[in-house]
Number of protein chains: 2
Amino acid sequence: MNVMDDGISRWRRVADGLRAAIAEGSYGDRLPPETELAKEFSVNRHTVRRAISALSDEGVLRAERGRGTFINETQPRITYPIGTRARFSENMTRQSLESAGRLINSERVAADRTQAALLQLKPGASLYKLEKMTVVDGVPVSRSTGYFPSDRFPNIIAAYAETGSVTQALKQHGLHDYRRRETRLTAERVSPADAESLQCAADSIVLVSNAIDVDLDDAPVQIIRTRFLADRIVLVFKP
Amino acid sequence: MNVMDDGISRWRRVADGLRAAIAEGSYGDRLPPETELAKEFSVNRHTVRRAISALSDEGVLRAERGRGTFINETQPRITYPIGTRARFSENMTRQSLESAGRLINSERVAADRTQAALLQLKPGASLYKLEKMTVVDGVPVSRSTGYFPSDRFPNIIAAYAETGSVTQALKQHGLHDYRRRETRLTAERVSPADAESLQCAADSIVLVSNAIDVDLDDAPVQIIRTRFLADRIVLVFKP
DNA sequence: CCAATTTGTCTATTTGTGTAGACAACTGAT
DNA sequence: ATCAGTTGTCTACACAAATAGACAAATTGG
């Protein structure tokens, strides 16, 4: 009777199913009664209750004794254009949102083979690694890790810490424009460390963007790996 | 002692952690002994064994009694360019891969408000809904749902079933070129139905692309929602 | 052959999950 | 006031998950 052969509990499945159905608008502003949901998902009423309880903790639902379970209004997801010349801060202000980049950690590292190849350096070359986080309207939306050649940008860490913007920090090194050469996208489960700094559920999903920025002469400026919280952001691409 | 407040079992977590570490190359071609992994993940050896067993079923690992547990070679992920004028079939043949679109289901539906707005029709207008799946080199990589105005493309279903290509099917309706106006990307857990047709684990992650194709006069041709299996594909965008 | 290392199997115990049923508490409508 | 419908709480039980320990079976290197 009890399957659980994939390591995901039934109530978690029901919660995920409900969240998807809610996002799709299938239930309007109010959930059907627990007994009906139990039938719909073929589980016991108590299992449904646990799913609802989890979604209530997330702020998705609001259960009221005697009345029913209601769906909370959610703010629309932030849209983030990729592939264009967009600079993050500029783009956020266009959506009239307050965004801020926060430096979490930084260190000097030696380039491994892959990094060296992408940045057109020799393996072992010195890089600055910048761990940062982006907060939009008080909500953490992404964590990213950037690697810069330390020869060319010796002061990048201090400059970023001061301005909170890669664009500004690069300007201080005399680089006034750059563009994205390539973006590779995939998705995975959030790592425990990222989950903590992003203040999200441990089973959240992140969109992972691996990108290379180059200057106007096509010389690599940085490689950057960004993890966007999938339920807080939509990446938009317009050719 | 045992937390489990998120509905995901410990062995599943360990399995996911191992898969990520393996993908990153942290272990080389061989896993550390089970007792060490148990320490590393702070779980009992039996829990590690269950995780390894799951990954072995997936074909990621290969345990040999008395010798150790080894990491199987995996074929590199298929890359799929977005945003360009790329046609799926053409792009796959460029990677010398055999791709095929397979029609799963089709029906006539009435446009809801959102669909009507995107396709510039009136709510309730008649649409053809095409459920299809893409298989590359025998491996299912994506499921997609497309909506076409049935007035303009009366024969789209038969044409797609025959050719296995949207581009070809549209040509039969006199539309020789079209382009993507917008792509919106997010990620979520695979739905149970998709998990079955894609032959993947029930807790897999999909990249969800919501896109609109338009003809050369900017008239909407189709809206399409594609779910790419995140561990089988990388979306690549080059400006 | 022997010893060390490693995966495989077995038993047992504790904790968590899902099911089942009964009833309390609350709401809104008749 | 009553009643039907709904969420909240409680007890009980079967089964799965996680831990723990012991030992078998296979491999490797000396």
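Chain identifiers are assigned alphabetically (A, B, ...) following the order of the sequence lines, protein sequences preceding nucleic acid strands; residue numbering begins at 1 within each chain.
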Check whether any side-chain N or O of A:T47 sits under 4.0 Å from OP1 or OP2 of C:dT19, and answer yes or no.
-> yes
Can you sort out the partners of A:R189 under salt bridge (charged side-chain N to carboxylate O under 4.0 Å, His left out), two or more places apart, ordered by chain and number?
-> B:D16, B:D203
For the pair made of CZ in B:R12 and P in D:dA16, what is the distance, rounded to whole Å?
-> 18 Å
Look at B:E24 together with A:R225 and state whether they make a salt bridge at an N to O cut-off of under 4.0 Å.
-> no
Scan residues 24-39 of chain B against DNA chain C and write down, sorted by residue number, each residue with any heavy atom closer than 4.0 Å; if none is found, say none.
-> B:R30, B:P33, B:E34
Under 4.0 angstrom between A:R49 side-chain N/O and D:dG8 OP1 or OP2 = yes
Scan nucleotides 20-30 of chain C nucleotide by nucleotide, 5' to 3', and note B when protein non-hydrogen atoms come under 4.0 Å of the base, S if they reach only the sugar-phosphate, - if neither.
-> BBB--BBSS--
May I have the distance from B:F41 (atom CZ) to D:dA18 (atom P), rounded to whole angstrom?
-> 14 Å
Those residues that, when tested against A:E64, pass salt bridge (charged side-chain N to carboxylate O under 4.0 Å, His left out) (two or more places apart) | A:R62, A:R67
Would you mind reporting whether A:D231 and A:I205 have side-chain heavy atoms less than 4.5 Å apart?
-> no
Rounded distance (Å) that lies between atom C1' of C:dT7 and atom CD of B:E64 | 10 Å
Within-4.5 Å side-chain heavy-atom neighbours: B:V60 and B:T74 | no
Give a yes or no on whether A:E196 atom CD has more than 12 heavy-atom contacts from other residues, nucleotides or ligands under 6.0 Å away.
-> no
Round to the nearest Å and state the distance from B:I8 atom CD1 to C:dG16 atom C1'.
-> 15 Å
Please tell me if the side chains of B:N210 and B:I223 come closer than 4.5 Å, counting only heavy atoms from C-beta onward.
-> no
Over how many whole Å does the gap from A:R50 atom CZ to D:dT9 atom C1' extend?
-> 16 Å
Side-chain N or O of A:R10 closer than 4.0 Å to phosphate OP1/OP2 of C:dT19 | yes
A:R102 meets the side chain to side chain donor-acceptor pair (under 3.5 Å) criterion, sequence neighbours left out, with none
Please name all residues satisfying salt bridge (charged side-chain N to carboxylate O under 4.0 Å, His left out) with A:R143, sequence neighbours left out, ordered by chain then number.
-> A:E131, A:D194
